[in-house]
Amino acid sequence: METGRIPLAALAGGFDLQATVESGQTYTWSREDGGMYDDELAHGGDAWYYTVLPETVTGDDPAVVRARQFDGGLEWASSVDAHDHLVELLRLDDDLDAIVARTPDDPLLAAAYDAYRGMRLVRDPPFRTLVSFICSAQMRVARIHGMQTRLAREFGDPVAFDGETYYAFPRPDQLAEATEERLRELGLGYRAPYVARTAEMVADGEAHPLAAADLPYEEARDYLTRFVGVGDKVADCVLLFSLGFLEAVPLDTWIRTAIADHYPECDRGSYRETSRAIRERFGGEYAGYAQTYVFFYLRTGGSV
DNA sequence: TATCCAAGGTAAGTT
DNA sequence: AACTTACCTTGGATA
């Protein structure tokens with residue numbers, strides 16, 4: 001067991017672990033106590049969370065990492081040295097103060113940033129991000145998380161850690177073995193064939209979400225829509241939450257509501273043009289950060 | 001207790 | 001290209 005601490009002083013712009021992992025941008029973390037997405041969010045709490053690093057991250061076998069907030073900083077425990085992995089996954093190298101400073105002065109953005117200051121975007125592993133957002137269609141956050149947990153238990157490798165058994169998210173080849181019927185039994189509904197087909201595409205080498213990382217933003221989004229069950233919105237989620245395209249603004253129901261209520265001139269009809277308009281309104285370079293704060297703020301009852 | 005509704009959309013078919 | 005419609009499932013709201 002290795003442990004470590006990342007002090008608040010090393011986290012420019014602060015940190016909020018709970019908001020980061022329970023905001024609906026990532027489905028890779030779970031609370032050790034079993035809870036998640038409580039109506040009464042214990043904002044800034046010190047609960048332990050865990051994730052299972054895939055072999056693509058460790059470069060070896062999957063490894064469990066536990067993390068929790070302490071005095072504003074982050075402490076962790078794992079079977080491996082998790083420091084660099086946490087910096088990568090939780091974007092601890094982002095300077096939040098600088099990002100907020102480059103965000104347009106706007107009542108909604110200010111309220112959202114003020115409510116959850118310290119929340120960071122994530123850099124999640126590409127394949128599971130792709131799958132989780134295919135599962136997200138017309139679905140509630142807590143249920144999307146439940147689906148990912150069931151996929152891991154059903155198709156992923158068991159990982160022993162601290163006397164307990166955890167499950168890695170299935171690799172493409174493992175998930176490609178899943179039948180549509182079995183996926184429906186796990187509660188994926190009409191998303192079942194989408195996940196099955198997409199897993200096959202990645203496992204067969206027909207396409208890989210990582211291939212989008214080297215493309216210009218809009219080309220990268222187009223590339224990802226070749227996966228079954230992936231339209232513009234899900235593609236934007238993968239670009240923003242996994243591949244580091246911080247300018248991506250997924251046009252989900254909450255953001256579309258925000259556009260209707262606060263930025264009606266940004267509604268240009270098509271996804272492509274509306275996306276461009278709201279991206280500019282949100283400051284361009286870090287528009288995705290603004291999107292995620294606004295999403296979480298509105299979803300948790302915030303208003304301006 | 002029964003019914004209805006919407007949830008971080010996408011694919012397929014029409015106009 | 002823009003517009004419709006079907007699609008699994010289920011917790012929570014409404015009757």
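So that the names make sense, note that chain A is the first sequence line, chain B the second, and so on, each numbered from 1.
The ring of A:Tyr50 has its center no closer than 6.0 angstrom to the ring center of A:Phe161.
Heavy atoms of A:Gly231 sit under 4.0 angstrom from primed sugar atoms or phosphate atoms, though from no base atom. At the heavy-atom level, A:Glu273 lies nowhere under 4.0 Å from the strands shown. Residue contacts shown for A:Tyr27 include a base, since a base heavy atom lies under 4.0 Å away.
Here the side chain of A:Tyr190 is nearest to one of B:dA11, B:dG8, C:dC8, namely C:dC8. Considering only the side chain of A:Ser270, C:dA2 comes nearest among C:dA2, C:dT9, B:dG8. Each of C:dC8, C:dT10, B:dA6 was ranked by its minimum atom distance to the side chain of A:Arg143; first place goes to C:dT10.
With rounding to the nearest 0.5 angstrom, the CG atom of A:Leu130 is 14.0 Å from the CZ atom of A:Phe241.
Comparing the P positions of B:dG8 and C:dT4 gives a spacing of 24 Å, expressed to the nearest Å. For C:dC8 and B:dT3, the P atoms lie 22 Å apart once the distance is rounded to whole Å.
For the ring pair (Phe, Tyr, Trp, His ring centres under 6.0 Å) criterion with A:Phe282, the lone passing option out of A:Tyr263, A:Tyr289, A:Phe295 is A:Tyr263.
Per the geometry, CG belonging to A:Leu188 stands 16 Å off P belonging to B:dG9, to the nearest Å. Per the geometry, OH belonging to A:Tyr194 stands 18 Å off P belonging to B:dG8, to the nearest Å. For the pair A:Ile134 CD1 and C:dC7 C1', the computed distance is 16 Å after rounding to whole Å. One atom, CZ of A:Arg268, and another, P of C:dA1, lie 19 Å apart when rounded to the nearest Å. Summarising the geometry, the separation between CD on A:Glu181 and C1' on C:dC8 is reported as 14 Å, rounded to the nearest angstrom. Atom pair A:Leu130:CG and B:dG8:P shows a separation of 19 Å (rounding to whole Å applied). Distance CZ (A:Arg256) to P (B:dA6): 17 Å, rounded to an integer number of Å. Per the geometry, OH belonging to A:Tyr271 stands 16 Å off C1' belonging to B:dA11, to the nearest Å.
In this model, the phosphate group of C:dC8 is approached by a side-chain N or O of A:Arg184 to a distance below 4.0 Å at OP1 or OP2. Considering only side-chain N and O atoms, A:Gln138 lies nowhere under 4.0 angstrom from the phosphate OP1 or OP2 of B:dA6.
Pairing for B:dA11 goes to C:dT5, judged as Watson-Crick or G-U wobble with the two contacts each under 3.5 Å.
A:Arg123 has a carboxylate O that lies under 4.0 Å from a charged side-chain N of A:Asp93, or vice versa, which qualifies the two as a salt bridge.
Using cut-offs of 30° and 60° on the angle between ring planes, the pair A:Phe296 and A:Tyr116 is tilted.
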Go through the steps for A:Asp157 and A:Gln174 under the test side-chain hydrogen bond (donor to acceptor under 3.5 Å, both in side chains), then give the verdict.
CA-CA 9 Å; A:Asp157 288 331; A:Gln174 292 176 310; 3.0 Å; yes
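Between the base of C:dC7 and the side chain of A:Arg191 there is no donor-acceptor pair shorter than 3.5 Å.
Residues A:Phe133 and A:Thr225 each lie close to DNA chain B; by heavy-atom proximity, the contact nearer the 5' end of the strand is made by A:Phe133.
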